[in-house]
Undergrad: 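Starting off with a structure, shown below.
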Amino acid sequence: MSKKENISNGVKYEAQKIEKKWQAIWNKIGINKTSEDNKKSKFYCLDMFPYPSGEGLHVGHMRGYTYSDVIARKRLMEGYNVLHPMGWDAFGLPAENYALKTGVHPRISTEKNISIIKEQLKNAGYLYDWQKEVNTSQPEYYKWTQWLFLQFYKKGLAYKKMALVNWCPSCQTVLANEQVKDGKCERCCSEITKKELNQWFLKITQYADRLIEDLDLVDWPEKVKIMQRNWIGRSYGVEFEMPILDEKGGQKEEVIRVYTTRVDTVFGMTYAVLSPEHPLVESLTAESRKKEVEEYIKQAKEKTEIERMSEEKEKTGVFTGAYALNPFNQKQVPVYIGDYVLAEYGTGAIMAVPAHDQRDYFFAEKHSLEIIEVIKSEDGRSTIENGAFEEDGVLIESEKFNGLSSERAQEEMTKWLEDKGIGFGTKKYKLRDWLISRQRYWGVPIPIIYCEHCGEIPVLESDLPLVLPEIEDFKPLGEKSPLAKAEKFVKTKCPKCGAEAKRETDTMDTFVDSAWYYLRYVDPKNSEEIFEKKKIKYWLPTDLYVGGIEHAVLHLLYARFFSKIMFDLGIIEFEEPFLKLFNQGMIYRNGEKMSKSKGNVVNPNEFFIKYGADTMRLYELFMSPPEQDAEWQDRGVIGVYRFLNKVWDLVSQQLATNNQRPNLEIEKLRHQTIKKVSEDIEKFKFNTMIACLMEYVNKLTTYNLQLTTHDLEILILLLAPLAPHLSEELWHQLKGLPEEKTIFEEKWPDYNPDLIIDETIELIIQINSKVRDKMEIKINISEEEVKKMVLEREKIKKWLENREIKKIIYINNRLINIVAN
RNA sequence: GCCGCGGUGGUGGAAUUGGUAUACACGCAAGACUUAAAAUCUUGUGACCGCAAGGUCUUGAGGGUUCAAGUCCCUCCCGCGGCACCA
């Protein structure tokens, strides 16, 4: 019988039909429901929850969800108690902007979007437990966001202060540092300006060291760890003070405090610079210079971030008229104001050493200031002719510190300052406190009340949730949120004295909502407390977290920070929320990021009708290594679709046969396949895992009627996490099981290590490292025997005619290399 | 500028960590089936030389280490990502 005749006798693979069928059955029998059986080992498999955008999801969004679903389903088969939840990061600007345009309330549009996306996720066959769903915009959820805020407030970790903050003129709100990219708003790409405003902050800087150090405890991509370390930006240096002299040489009361990481260059200081916002600027500026200084400060303030950055090389500044005294040599240096010194970093003032800092070098050249070389490299490479020499070296022109290495000098000089009581070794961070207030409507109201008599008073916990009022007009009001116009909301009584009082009208950054959502999943309906501790103790921390790299320093840093605070407050018992992190790459199509505005999205719903969800899942897994960006190729999809059809035909065919005699060669291949697939899946090497399954199927096809049912069972089990619908259907066809028996209750197959070993191998025979021959040999035969056999081969003899063998290298079970002249 | 990742056929990509480069798949070509097309199946497919057997070359470029380099070292080129006046 020819192969073709066999294949044609079955029913055709109709993806959509079987997918709908099994999704309904799974829903009915509840395999996606999280078991409360706490005796089993748990596996908490988490996806970064989506923002419910009106555009729905495209296949690019589904890449990461597919990966986590594969792992979740495999864990189920391994007998774990699996928690795989999904929810909605539902507050945020897009819904509000949409409301501004259409008048549709954000709550309405968000609800609608959620139902659309939920349907898409269900159609893709993801195994989410929808009973655990959370929605950050619902009072039942944000009651606890507010409650957390109050706990932080009580400990002084949430506070309000005047600060120079990032302002997006288009979104009309302030932004956290993390939300500014290249001087532009991360959302709308408008140029950011700076404003001095009274704003709410969370004290993330207090956790800087722990946020760095605990990165060593988690299994995260090194890239993300590096990004977080760089963002926190810890540096070690010295802070010291310098007395100030006025124009006429009289000593002032104030001192300038500077921070430097290169105190070894201090004898090269030829001036000092304060940032334009430095508090000493006014008292320090000489009468004769006042006008010039004020003008400069005004100009500096008006610059956008972009303007400041574009002038990177041009260092502007003005002389204040005052002088500072270098404590090391009592030298007087002029004090300047320059906007290349940042107010928010270090002390907002620097000692300038043009010989050994390129920025100072530019400034000194422009303002004709002295350049004194005080560091020499030992090999004489150092020169300051064309710019600063910024490397470490040996000190010169530095009095008693001459001849010391940079490193030694830093130690000695720090000690000298400490002994004199005018300085100390310290460390600084680039990280700033997290600015969480937003002047927008669609967010969590900050639960604070201002009373004329009592001042700033937190809302009582018993009054939570403080519900976001339904208002008609969402238009931003500039420095105030639209809530300021909702009189009923604003007017309240002071919880302490009962007098008339006003509410805070800013809302919270949506990243606050998402900084703790993974904790709420374990107990989403609890109205008594944020969650039951017992449940947290069982499920947390999460075992796997899958999502995009774009949150490397935003959400992921904030979530770690929240865990640490909550640990300190005794709310949870762990500090790192995500044990293993996986970042999927982005999907491109026609060379561009997949997005509705580019018109290059592949709509999952249409795709499901044409090929089925299993094909999409398999293609996403097969197209490239999962951490890499990948180009979606419409033509490439057909390959995995053919593969699924092949599997279908193979099994349909087998149903008609019923061979019971195992074939040893297939048996070996089967065990090898189980091993490779099981290992690859754990290493997230989904693409090679599928290649391996394809090879297995290709081989099975050639063996045709010699297959046993068991050969196919293994295939279906291995395929189950990847293409769950097809596998479930074929499993039932093969085993004749009732509907409520699911393949996901079956055990993930084991392999027998003894059975995967090949008894013979193909030995590679090289002469002078070039492959000249191959030979089938039994494994583990002695080197002597192999050599003898090889040298007796006609082909080899020919190659070695008139040549002298110098050396023979033998690698057991792999190759032999004959080195000859 | 600093930090990180990458560069392999026409395309997506594989390569047990130094041991047969190009697995698997797409595409393409030829053939089978068909009135025809699609689908499916079979065969071939890195480049060059050759009727063939076979040979030579090939992992961004150039050097080096080694019996052996896609893999290790040095220099350089290109692409992507992060940070960016952080003293």
Side-chain angles (χ1 to χ4, degrees), chain A residues 2-4 7-8 12 181-183 221-231 233-235 237-238 258-263 265 273 275 308-309 311-315 338-342 344-353 356-360 362-363 390 428-432 549-550 552-553 586 619 622-625 627-640 642-643 645-646 649 676 679 685 687-695 697-698 701 762-774 806-811 813-820:
Chain A
S2 80
K3 246 172 250 167
K4 217 174 87 237
I7 287 167
S8 59
K12 217 175 154 265
K181 288 241 148 31
D182 295 325
E222 204 48 41
K223 180 180 173 161
V224 177
K225 291 188 182 185
I226 290 166
M227 280 166 74
Q228 292 211 351
R229 282 193 203 104
N230 290 345
W231 186 261
R234 181 166 62 190
S235 74
V238 176
V258 295
Y259 172 72
T260 178
T261 55
R262 290 297 304 275
V263 69
T265 66
V273 191
S275 73
R308 268 181 88 143
M309 284 193 292
E311 291 164 7
E312 207 176 309
K313 285 201 167 157
E314 201 197 327
K315 305 283 176 248
D339 67 2
Y340 80 96
V341 175
L342 303 175
E344 317 94 85
Y345 183 78
T347 58
I350 61 156
M351 66 171 206
V353 184
H356 304 291
D357 183 292
Q358 191 55 44
R359 294 156 300 182
D360 297 343
F362 284 132
F363 189 92
E390 294 185 313
K428 300 282 179 199
Y429 309 88
K430 294 188 197 175
L431 184 72
R432 309 288 143 76
I549 185 93
E550 66 273 18
V553 288
M586 230 155 1
Y619 180 59
F622 185 61
M623 65 194 299
S624 85
E627 66 282 358
Q628 232 171 68
D629 288 348
E631 172 84 16
W632 180 280
Q633 294 187 318
D634 300 283
R635 287 190 309 199
V637 172
I638 199 74
V640 292
R642 280 181 192 148
F643 169 69
N645 273 287
K646 221 186 231 180
D649 290 342
K676 170 88 173 144
E679 286 172 0
K685 294 177 81 171
N687 52 336
T688 53
M689 169 188 71
I690 289 171
C692 176
L693 283 171
M694 284 172 166
E695 282 179 85
V697 168
N698 290 344
T701 309
E762 192 180 40
L763 183 80
I764 304 305
I765 305 168
Q766 295 182 329
I767 292 168
N768 284 341
S769 308
K770 286 199 172 162
V771 180
R772 295 302 180 190
D773 201 3
K774 292 170 191 180
K806 284 185 177 160
K807 194 156 77 165
I808 297 179
I809 284 129
Y810 178 65
I811 308 293
N813 297 335
R814 190 150 296 164
L815 67 73
I816 186 163
N817 187 8
I818 301 163
V819 186

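None of the values given here were measured: they were computed from a predicted structure. So that the names make sense, note that chain A is the first sequence line, chain B the second, and so on, each numbered from 1.
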Undergrad: Could you work out, with side chain to side chain contact (heavy atoms under 4.5 Å, CB included) as the rule, every residue matching Lys770(A), not counting sequence neighbours?
TA: Arg772(A)
Undergrad: Who pairs with Lys676(A) by side-chain hydrogen bond (donor to acceptor under 3.5 Å, both in side chains), at least two apart in sequence or on another chain?
TA: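 Result, side-chain hydrogen bond (donor to acceptor under 3.5 Å, both in side chains) vs Lys676(A): Asp680(A).
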Undergrad: Side-chain contact test, heavy atoms from C-beta onward, threshold under 4.5 Å: evaluate it for Lys807(A) versus Asn817(A) and give yes or no.
TA: no
Undergrad: Under the rule for side-chain hydrogen bond (donor to acceptor under 3.5 Å, both in side chains), what residues qualify as partners of Asn230(A), not counting sequence neighbours?
TA: none
Undergrad: How close or far is atom C1' of A23(B) from atom CD1 of Ile690(A), stated in whole angstroms?
TA: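 Taking CD1 of Ile690(A) and C1' of A23(B), I get 15 Å after rounding.
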Undergrad: Round to a whole Å and report the spacing from NZ of Lys646(A) to C1' of U42(B).
TA: 12 Å
Undergrad: Hey, does Ile638(A) reach any base, or is it just sugar-phosphate, or nothing, if we go heavy atoms under 4.0 Å?
TA: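 Result for Ile638(A) = sugar-phosphate.
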Undergrad: Using the closest heavy atom to pick a nucleotide of RNA chain B for each, name whichever of Tyr340(A) or Asn768(A) lands nearer the 5' end.
TA: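 It is Asn768(A) whose nearest nucleotide is closer to the 5' end.
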Undergrad: In this structure, how many angstroms lie between the C1' atom of G81(B) and the CG atom of Asn230(A), rounded?
TA: 13 Å
Undergrad: Along nucleotides 8-21 of chain B, 5' to 3', which nucleotides get a B, which get an S, and which get a -, given that the test is a protein heavy-atom distance under 4.0 Å?
TA: ---SBSSSB--BB-
Undergrad: Say we look at U17(B) and A68(B): how far apart would their C1' atoms be, to the nearest angstrom?
TA: 15 Å
Undergrad: Whom does C2(B) pair with, Watson-Crick or G-U wobble, provided both distances fall under 3.5 Å?
TA: G82(B)
Undergrad: In whole Å, measure the gap between the P atoms of G13(B) and G6(B) for me.
TA: 13 Å
Undergrad: Please determine if a side-chain N or O atom of Arg642(A) lies less than 4.0 Å away from the OP1 or OP2 oxygen of G27(B).
TA: yes
Undergrad: Quick test of your reading: applying salt bridge (Lys or Arg N to Asp or Glu O under 4.0 Å), list the pairs with at least one residue in residues 630-640 of chain A, sequence neighbours left out, ordered by first then second residue.
TA: Arg589(A)-Asp634(A)
Undergrad: With rounding to the closest Å, how many angstrom separate the C1' atoms on G82(B) and C67(B)?
TA: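 Rounded to whole Å, the distance is 43 Å.
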Undergrad: Using Watson-Crick or G-U wobble geometry with both distances under 3.5 Å, which nucleotide pairs with C24(B)?
TA: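 G12(B) - that is the nucleotide pairing with C24(B), both distances being under 3.5 Å.
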Undergrad: If the P atom of C2(B) is compared with that of G62(B), how far apart are they to the nearest Å?
TA: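 Between the two P atoms, the distance is 26 Å.
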Undergrad: What pairs with Arg432(A) under side chain to side chain contact (heavy atoms under 4.5 Å, CB included), at least two apart in sequence or on another chain?
TA: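 Asn177(A), Glu344(A), Tyr345(A).
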Undergrad: Could you tell me whether the phosphate oxygens of A25(B), OP1 or OP2, come under 4.0 Å of any side-chain nitrogen or oxygen in Asn698(A)?
TA: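 Yes, because at least one side-chain N or O of Asn698(A) sits under 4.0 Å from OP1 or OP2 of A25(B).
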Undergrad: In whole Å, I'd like the distance from the CG atom of Asp634(A) to the P atom of A25(B).
TA: 20 Å
Undergrad: Could you tell me which nucleotide pairs with U40(B) by Watson-Crick or G-U wobble geometry, both distances under 3.5 Å, or answer none if nothing does?
TA: A32(B)
Undergrad: Determine the Euclidean distance between corresponding P atoms of G44(B) and C24(B); express it in Å to zero decimal places.
TA: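 Those two atoms are separated by 12 Å.
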Undergrad: Could you state the atom-to-atom distance from CG of Leu431(A) to P of C83(B) in whole Å?
TA: 14 Å
Undergrad: Rounded to whole angstroms, how far apart are CZ on Phe643(A) and P on C26(B)?
TA: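 Value for this atom pair: 12 Å.
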Undergrad: C72(B) pairs with which nucleotide, Watson-Crick or G-U wobble, both distances below 3.5 Å?
TA: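 When the pairing criteria are applied, G64(B) turns out to be the nucleotide that pairs with C72(B).
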Undergrad: Have a look at Lys225(A) and say if it touches a base, only the backbone sugar-phosphate, or nothing, with a 4.0 Å heavy-atom cut-off.
TA: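 The answer is nothing, as Lys225(A) stays clear of every strand by at least 4.0 Å.
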Undergrad: Closer than 3.5 angstrom, by distance alone: can the side chain of Asn687(A) be matched with the main-chain N or O of Met623(A) as a donor-acceptor pair?
TA: no
Undergrad: Whole angstrom is fine here: how far is it from CD in Gln358(A) over to P in C2(B)?
TA: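 For the pair Gln358(A) CD and C2(B) P, the rounded distance is 12 Å.
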Undergrad: Pick the C1' atom in C80(B) and in G60(B), then give their distance to the nearest Å.
TA: 15 Å
Undergrad: With rounding to the closest Å, how many angstrom separate the C1' atoms on U22(B) and G7(B)?
TA: 16 Å
Undergrad: With a 3.5 Å limit on both atom pairs, tell me what G50(B) is paired to, counting Watson-Crick and G-U wobble, or say none.
TA: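 Its partner is none (no Watson-Crick or G-U wobble pair with both distances under 3.5 Å).
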Undergrad: Tyr345(A) side chain N/O closer than 4.0 Å to the phosphate oxygens (OP1, OP2) of A87(B)?
TA: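 Yes, such a contact exists.
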Undergrad: Distance between the C1' atoms of G54(B) and U65(B), in whole angstroms?
TA: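 Here G54(B) and U65(B) have their C1' atoms 33 Å from each other.
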Undergrad: Looking at side-chain heavy atoms only, is the closest gap between Ile764(A) and Lys774(A) below 4.5 Å?
TA: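 Side-chain contact under 4.5 Å: yes.
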Undergrad: Any donor and acceptor pair, going by atom type alone, linking the side chain of Glu390(A) with main-chain N or O of Gln358(A) inside 3.5 Å?
TA: yes
Undergrad: In whole Å, I'd like the distance from the NZ atom of Lys770(A) to the C1' atom of U56(B).
TA: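 Taking atom C1' of U56(B) as the reference, NZ of Lys770(A) is at 8 Å.
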Undergrad: Syn versus anti for G9(B), judged by chi lying within 90° of 0?
TA: syn
Undergrad: Using a heavy-atom cut-off of under 4.0 Å over every strand shown, decide if Arg432(A) touches base, sugar-phosphate, or nothing.
TA: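 Touches a base.
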Undergrad: Looking across every strand, which nucleic acid part, if any, lies under 4.0 Å from Val341(A) by heavy atom: base, sugar-phosphate, or nothing?
TA: base
Undergrad: Taking the minimum atom-to-atom distance to the side chain of Lys807(A), which one of A87(B), A84(B), C67(B) wins?
TA: C67(B)
Undergrad: Just call it for Lys223(A): base, sugar-phosphate, or nothing, with non-hydrogen atoms closer than 4.0 Å on any strand.
TA: sugar-phosphate
Undergrad: Would you call U17(B) syn or anti, using the 90° rule around 0?
TA: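 U17(B): syn glycosidic orientation.
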Undergrad: Determine, stepwise, if the pair Ile765(A) / Val771(A) fulfils side chain to side chain contact (heavy atoms under 4.5 Å, CB included).
TA: CA-CA 6 Å; Ile765(A) 305 168; Val771(A) 180; over 6 Å; no
